There are 2 protein chains.
Amino acid sequence: MTTMTRAKSAAALPINQILDGDCIQVMNSLPEASVDLIFADPPYNLQLKGELHRPDNSRVDAVDDHWDQFSNFAAYDAFTQDWLRAARRLLKPDGAIWVIGSYHNIFRVGAALQDAGFWILNDVIWRKANPMPNFRGKRFTNAHETMIWASKSEGAKYTFNYEALKSLNEGIQMRSDWVLPICNGGERLKDANGDKAHPTQKPQSLLHRVIVGSTNPGDVVLDPFFGTGTTGAVAKMLGRDWIGIEREAAYREVALKRLGDVRAFDKGALEVSTSKRAEPRVPFGQLVERGMLRPGEMLINGRGQMAKVRADGTLVGDGVTGSIHQVGAKLEGAPSCNGWTYWHFRRDGKTVPIDVLRQQIRSEM
Amino acid sequence: MTTMTRAKSAAALPINQILDGDCIQVMNSLPEASVDLIFADPPYNLQLKGELHRPDNSRVDAVDDHWDQFSNFAAYDAFTQDWLRAARRLLKPDGAIWVIGSYHNIFRVGAALQDAGFWILNDVIWRKANPMPNFRGKRFTNAHETMIWASKSEGAKYTFNYEALKSLNEGIQMRSDWVLPICNGGERLKDANGDKAHPTQKPQSLLHRVIVGSTNPGDVVLDPFFGTGTTGAVAKMLGRDWIGIEREAAYREVALKRLGDVRAFDKGALEVSTSKRAEPRVPFGQLVERGMLRPGEMLINGRGQMAKVRADGTLVGDGVTGSIHQVGAKLEGAPSCNGWTYWHFRRDGKTVPIDVLRQQIRSEM
DNA sequence: TCAATTGCTGAATCGCTTA
DNA sequence: ATAAGCGATTCAGCAATTG
């Protein structure tokens with residue numbers, strides 16, 4: 001009797017609900033091998049030091065929430081192994097998992113996935129269209145996040161809707177780098193004060209692509225770090241069942257309201273973000289990096305004046321150092337100058353505008 | 001005597017050579033803290049099946065069952081920890097390392113880097129302009145590889161030529177995603193049969209950006225998995241010293257010929273743009289000492305507020321006395337303020353930032 | 001004596017979205 | 001149209017002082 005009750009209760013998957021509690025305990029209370037897809041956005045373990053201000057002295061509103069604090073790598077690893085074990089138990093044999101992270105945590109997550117027996121299918125880069133710049137000029141602009149897509153085990157028959165993704169990508173095979181905007185505007189949920197309700201709300205376009213690509217209608221999608229419920233919202237729109245787990249009451253509240261407002265097959269959810277494809281910008285420095293022009297080589301303008309190419313893509317000529325545009329403008333005494341058509345190089349006795357090299361690069365993109 | 005001989009031999013760094021042997025043993029034979037940059041393209045875990053050796057040189061059997069898959073990861077981890085430890089010993093305190101990999105190995109490498117005490121500065125995505133498509137339509141086109149850039153330890157003063165990279169990118173801060181073509185055409189080295197000489201030859205453009213960005217001319221760049229020597233070739237072109245380690249005779253042979261054909265660019269072309277931070281410091285008081293500003297003269301900010309210059313180079317304004325930065329910050333209610341661009345003075349009816357006076361002093365230095 | 005901390009100086013941002 | 005806001009950030013360097 002007890003066993004039956006247990007079995008019965010275990011069989012009842014609480015779909016389309018937000019569950020309250022620690023995600024590991026809650027996952028372990030659900031029936032095993034019952035979920036088709038898990039999307040997880042775990043804490044990143046950012047280890048921020050102090051405050052950061054923009055050059056205009058405005059303060060950067062950083063992630064300093066308690067749920068992102070871990071004492072050390074070992075503690076973070078233990079946490080990761082625990083929730084991954086619980087997640088793996090929940091997955092059907094042909095189910096799959098997506099995890100998103102940054103360089104602070106993604107290497108540890110990826111290694112833990114492999115150690116737990118998951119089989120990595122791809123790592124996918126979310127390239128942000130408008131990231132936060134590096135204000136101090138000490139590193140590269142942190143312009144992407146990494147997602148790992150893995151099946152439950154090697155050889156599993158995971159779901160991959162190849163043609164649907166190809167259609168989303170204008171008929172071209174979807175690549176492992178996705179250019180998508182950050183979540184803001186009307187999609188970004190606000191609290192009563194008008195502040196952002198969650199510091200790291202993910203854009204629906206990201207989840208749209210994940211769910212269209214790796215589930216079918218009627219599948220169950222679980223998110224153990226539900227936050228404001230982006231995963232549930234997109235799953236509902238796309239006719240999938242969903243389960244969210246979230247321990248912060250404030251987030252659950254926002255998500256609950258959000259999910260109530262979502263309608264399946266909402267037209268907005270079917271819109272895919274299309275990037276206005278202006279002609280891609282090609283920095284002059286790429287001609288040097290690619291060996292199309294050598295550092296030390298001389299460029300020539302229409303009046304026979306010369307300038308030398310340097311290793312960092314700047315020119316030196318007429319006592320001036322700067323971009324191809326700046327040095328051209330200086331020589332002409334003009335306020336501006338299009339260096340691409342102004343400067344020429346010599347090949348096989350001919351004088352050719354450097355713009356032909358730019359066109360060559362564009363044709364390869 | 002013995003000690004002297006050892007010390008002497010240890011001091012002799014074999015620069016601009018390809019060293020034959022296992023990279024761990026060779027690195028351990030070189031003097032510690034002697035290398036400025038390490039660029040490493042280690043073997044992928046999957047490619048090591050059947051060839052992987054444990055640190056004790058015992059051979060790891062290729063295996064296909066569940067448990068041995070884990071032992072395979074463990075062996076790869078041991079190998080990674082070993083060569084990273086040797087690499088870290090070789091690095092100068094302010095040196096840095098770049099490691100490139102794919103999802104097969106990069107997560108294990110990244111975690112091992114963190115565990116070894118390296119401090120990750122960025123993960124950088126090489127977005128391939130022309131990747132190999134996924135022919136079977138079972139996954140996303142694998143269109144990128146991941147590089148990790150790390151300093152030897154937290155707080156180290158690593159080299160980062162911010163302005164040079166910005167110049168390479170036409171005046172815009174360089175991002176963490178780099179779009180570069182794969183290595184093909186004339187750059188791709190062929191063997192006697194016309195087949196590619198190495199399966200994973202990296203493009204020179206990739207190394208150009210790495211070396212320009214994180215070393216200075218005269219620095220020593222070491223590549224423990226030298227292959228066909230792309231790292232050495234680009235280092236030589238850019239006026240850096242290099243050391244390659246490669247245990248396959250066929251690769252050493254190709255690389256040796258390649259390096260012989262490479263010529264360094266002329267010295268002037270190697271100078272890169274530097275940041276203003278490197279410019280000599282000029283105390284505000286010098287403007288007063290030199291008579292460029294008179295004690296008692298009023299400075300003005302963008303909102304028309306005034307402050308008086310005193311003979312000791314301090315300002316008085318809004319009831320506050322202090323440096324040009326302190327009084328500016330007070331007036332703005334900001335945590336800090338660059339007084340050089342904030343304050344202006346009047347000359348011939350015009351309002352001019354005091355920074356022009358600093359620049360005038362610098363030009364005379 | 002030296003490592004750790006404090007405190008001062010002053011250098012530093014890109015593109016997209018919303019108002 | 002133009003201005004303002006803002007995004008998962010391991011974002012300074014050095015001298016003087018302290019323990």
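Predicted model only: the values in this text are computed from it and were never measured. Any value given below was found using the heavy atoms of this structure, including those in side chains, with hydrogens, waters and symmetry copies removed. Note on naming: letters A, B, ... go to the chains in the order of the sequence lines (proteins, then strands), and numbering restarts at 1 for each one.
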Closest listed nucleotide, where the reference is the side chain of [X] and the choices are [options]:
X	options	answer
A/Val63	C/dA12, D/dA8, D/dG7	D/dA8
B/Tyr162	C/dG10, D/dA12, C/dC14	C/dC14
B/Asn338	D/dC11, D/dA8, C/dA11	C/dA11
A/Asn130	D/dA8, D/dG7, D/dC11	D/dG7
B/Ser323	D/dA8, C/dT9, D/dC11	C/dT9
A/Pro55	C/dG10, C/dT13, C/dC16	C/dT13

Applying a 4.0 Å non-hydrogen cut-off, can you work out what [X] is touching in the nucleic acid: base, sugar-phosphate, or nothing?
X	result
A/Gly50	base
B/Phe284	nothing
A/Asp65	nothing
A/Thr200	base
A/Pro42	base
A/Lys196	sugar-phosphate
B/Ile120	base

Next on the checklist: Testing the 3.5 Å rule here: is there a donor-acceptor pair between the side chains of A/Asn45 and A/Tyr76?
Outcome noted: no
Checklist entry - Is the closest side-chain donor-acceptor distance between A/Asp123 and B/His144 under 3.5 Å? => result yes
Item to check | Candidate pair B/Trp149 and B/Trp98, rule ring pair (Phe, Tyr, Trp, His ring centres under 6.0 Å), full reasoning | outcome: CA-CA 5 Å; B/Trp149 174 41; B/Trp98 287 80; 5.6 Å; yes
Checklist outcome for this item: Sorted by position of nearest nucleotide on DNA chain D, 5' first, the leading residue of A/Ser58 and B/Trp119 is A/Ser58
Item to check | DNA chain D: 5'-proximal contact among A/Asn134 and A/Trp67 (nearest heavy atom) | outcome: A/Trp67
Next on the checklist: Using heavy-atom distances to pick each residue's nearest nucleotide on DNA chain C, tell me which of B/Ile172 and A/Gly186 is more 5'.
Outcome noted: B/Ile172
Checklist entry - Are any side-chain N or O atoms of A/Glu145 and backbone N or O atoms of A/Ile100, one a donor and one an acceptor, separated by less than 3.5 Å? => result no
Checklist entry - When you measure from the side chain of A/Asn134 to the backbone N and O of A/Lys138, does any donor-acceptor pair fall under 3.5 Å? => result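 Answer holds: yes.
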Phosphate oxygens OP1/OP2 of [N]: is one of them under 4.0 Å from a side-chain N or O of [X]?
X	N	answer
B/Lys157	D/dA12	no
B/Lys166	C/dT13	yes
B/Gln326	C/dT9	yes
B/Arg358	C/dA11	yes
B/His325	C/dT9	no

Checklist entry - Any ion pair linking B/Arg358 and B/Asp355 (charged N to carboxylate O, less than 4.0 Å)? => result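 Answer for the salt bridge query: yes.
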Next on the checklist: With ring-ring contact (aromatic ring centres under 6.0 Å, His included) as the test, pick out the partner of A/Phe225 among A/Tyr44, A/Trp83, A/Trp67.
Outcome noted: A/Trp83
Item to check | Base D/dG7 to side chain A/Arg54, donor-acceptor N/O within 3.5 Å cut-off | outcome: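 Side chain to base: pair found, below 3.5 Å.
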Checklist entry - Taking atom P of D/dA8 as reference, at what distance in whole Å does atom NE2 of A/His144 sit? => result 14 Å
Checklist entry - When the ring planes of A/His198 and A/Tyr251 are compared, do they come out parallel, tilted or perpendicular, using 30° and 60° as the limits? => result tilted
Checklist entry - When Watson-Crick pairs (N1 to N3 and N6-O4 or O6-N4) and G-U wobble pairs (N1-O2 and O6-N3) count only below 3.5 Å on both distances, what is the dot-bracket string of DNA chain C, with | for other-strand pairs? => result .||||||||....||||||
Checklist entry - Is there aromatic stacking of A/Phe135 against C/dA12, centre distance under 5.5 Å, plane angle under 30°? => result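 A stacking contact does not exist, since A/Phe135 is not both close and nearly parallel to the base ring of C/dA12.
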